[in-house]
Amino acid sequence: MISVLSAFIALVVLAWGLDVATLERGAASLPWFAYEQGLYLSGLLAISLMSLAMVLATRPVVLERPLGGMDRIFRLHKWAGILAAVFAALHWLIEMSDDLIKSVFGRAGRLDELEFGGLYEMLRDAGEEIGEFAVYLVLAMVVLSLWKRFPYKFWRQLHRAMPVLYLLLAFHAAVLAPPGYWAQPVGLLLAAMLAAGSVASVIALTGRIGRDRRVQGVVTAVSSPAADVTEVVCRLGGEWRGHRAGQFAFVSFVGMDRFEGAHPFTIASADHGDRTLSFQIKALGDYTRQLASRVAVGQAVTVEGPYGRFVLERQDRRARQIWIAGGIGVTPFLAWLDELRGSPASAPQVDLHYSTRSAAADPFVSRLRSLCAELPSVALHIHDSAAGTGLTADALGKDRAAGQRAEVWFCGPRRFGDQLKAGLRQAWGGRLRFRREAFEMR
């Protein structure tokens, strides 16, 4: 993600730099010239990153392979939006600094404002007012996105206004961009960004995100294997294109998703060709806590997907396989094991580690043991925190063979994953590849 954002920002800065290289400062003093170019660059970065965020919000399946999966696309979307807000705030601060520059360096050397007159001047005035108003709203939206205690259902409704805010900022950028931009590479880049972001905004406002991947179905079974886990089995219509073990889908239960919208859940079963999907859903919020009592057999359901690249086919068969699941992060591995038991001979040599707070009360422990009993090449290790046998990076690195490469697949709590990754990096160095599912709605 960092490399993608860095490359994107570098591209924008390069386009801006090519334009600056052709400029002559003329009578402008250095402070005022820096003020003007800082204003342009910060605004250009803000609207470009916001355009990127809008495009990524449309769930572009074509980018899953190059970007590593829809979970990473959403993560990139989140940080592109945060950086856009940061540069928008910087843009506003630079604009407000003109009085400070005036008091320190005087008005001498300040570039004269271009006079356009007529309709264009009116558009520029309107664009300036609208842009300032929209920036405040975007900054407030980012703060609410980072405030995890703000209820998701309310955040989602506010977030739906982002396409409108983007279009306002796109208008601001288009009418206030220097006229000379449009004949330079920076202008071509800006035009492409504004066009892509505007199209994405229209797609979002018309409710077309993911529409061609939605399939109607019906709930065929609902159970509660544990007090905080709901298992939902669905049968989908003939339009379902199938899925690969480890992928996820957005699920919407008719009658209970008016404010919440569709939620992403990992498909916990392999594709057996009968269009039947199983979801193991942990009660992590108000919505998921209500599923057991509000979802019933025969209820209509809409499933959008599948998405994701946390799939068996991406394994490095030449590296030692270490699979690590924490809590409800076991769901993609349930699907993997379900698929492998159809052809046990093709299963790789694997060490599967499952970390749980209490093995005695965990319904997935017996499920894992049953599946692994059919797969001799999969060695199951249960780590029970209640019994004092929690999983640590040191324990994983003890049996490492000299020169051995390892590929770790992790799905579980983010902090737990960060700790394991840091510890394993120290033990294995460059001979470790750590793959993880990084999906977050906000």
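Any value given below was found using the heavy atoms of this structure, including those in side chains, with hydrogens, waters and symmetry copies removed. For reference, positions follow the sequence shown, starting with 1.
- Across all their heavy atoms, Ala204 and Pro163 have their closest contact at CB-CG, 3.7 Å.
- Annotation for Arg367 and Leu334: closest pair CG-CD2, 3.7 Å, computed over non-hydrogen atoms.
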Exercise for review: Give the intermediate values and the outcome of side-chain contact (heavy atoms from CB on, under 4.5 Å) for residues Phe74 and Met70.
Suggested key: CA-CA 6 Å; Phe74 267 78; Met70 193 59 67; 3.9 Å; yes

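- Taking the six-membered ring for Trp and the full ring otherwise, the centers of Phe310 and Trp409 sit less than 6.0 Å from each other.
- Classification of the Phe250-Phe248 ring pair by plane angle, with boundaries at 30° and 60°, yields perpendicular.
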Exercise for review: Decide yes or no on salt bridge (charged side-chain N to carboxylate O under 4.0 Å, His left out) for Asp351 and Arg320, but give the supporting numbers first.
Suggested key: CA-CA 9 Å; Asp351 285 295; Arg320 176 184 171 184; 3.4 Å; yes

Exercise for review: Could you give me the CA-CA distance, side-chain angles and deciding distance for His263 and Val251, then say whether side-chain contact (heavy atoms from CB on, under 4.5 Å) is met?
Suggested key: CA-CA 5 Å; His263 280 247; Val251 183; 5.9 Å; no

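- Using the six-membered ring where Trp is involved, Phe265 and Tyr287 have ring planes that are parallel, under 30° apart on the 30 and 60° scheme.
- The CD1 atom of Ile9 lies 13.5 Å from the CG atom of Leu14; values are rounded to the nearest 0.5 Å.
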Check your understanding: Hey, mind stepping through Asp362 and Tyr354 against side-chain contact (heavy atoms from CB on, under 4.5 Å) and telling me if it holds?
Key -> CA-CA 11 Å; Asp362 194 319; Tyr354 178 53; 2.6 Å; yes

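- Here the CD atom belonging to Glu339 is positioned 8.5 Å from the NE2 atom belonging to His272, to the nearest 0.5 angstrom.
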Check your understanding: Would Arg235 and Thr276 count as a side-chain hydrogen bond (donor to acceptor under 3.5 Å, both in side chains) if you check the C-alpha gap in whole Å, the side-chain angles of each, and the deciding distance to 0.1 Å?
Key -> CA-CA 5 Å; Arg235 174 69 62 85; Thr276 296; 2.8 Å; yes

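- Among residues two or more places apart in sequence or in another chain, the side chain to side chain contact (heavy atoms under 4.5 Å, CB included) test is passed with Ser377 by Ala347, Gln349.
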Review point. Would Ile47 and Leu169 satisfy side-chain contact (heavy atoms from CB on, under 4.5 Å), going step by step from the backbone distance to the final call?
Key: CA-CA 7 Å; Ile47 195 63; Leu169 289 170; 4.0 Å; yes

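- Under the salt bridge (Lys or Arg N to Asp or Glu O under 4.0 Å) criterion, the residue pairs touching residues 372-388 are Arg341-Glu374, with sequence neighbours excluded.
- With a 4.5 Å cut-off on side-chain heavy atoms, Arg59 and Glu304 count as touching.
- Side-chain atoms of His383 and Ser355 include no donor-acceptor pair closer than 3.5 Å.
- Closest heavy-atom contact between Arg436 and Lys421: NH1-CD, 4.4 Å.
- With rounding to the nearest 0.5 Å, the separation of CG in Leu41 from CD1 in Ile94 is 8.0 Å.
- Nearest heavy-atom pair across Cys372 and Val378 is SG-CG1, 3.8 Å.
- Applying the ring pair (Phe, Tyr, Trp, His ring centres under 6.0 Å) test to Phe416 and every residue at least two apart in sequence or in another chain returns Phe410.
- Contact between Gln280 and Ala268 at its shortest, heavy atoms only, is CG-CB, 3.8 Å.
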Review point. Are Tyr166 and Ser51 close enough, and set up right, to give a side-chain hydrogen bond (donor to acceptor under 3.5 Å, both in side chains), and what steps lead you there?
Key: CA-CA 8 Å; Tyr166 173 82; Ser51 300; 2.7 Å; yes

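- No more than 12 heavy atoms of other residues, nucleotides or ligands lie within 6.0 Å of CZ in Arg357, so this atom counts as exposed by the packing criterion.
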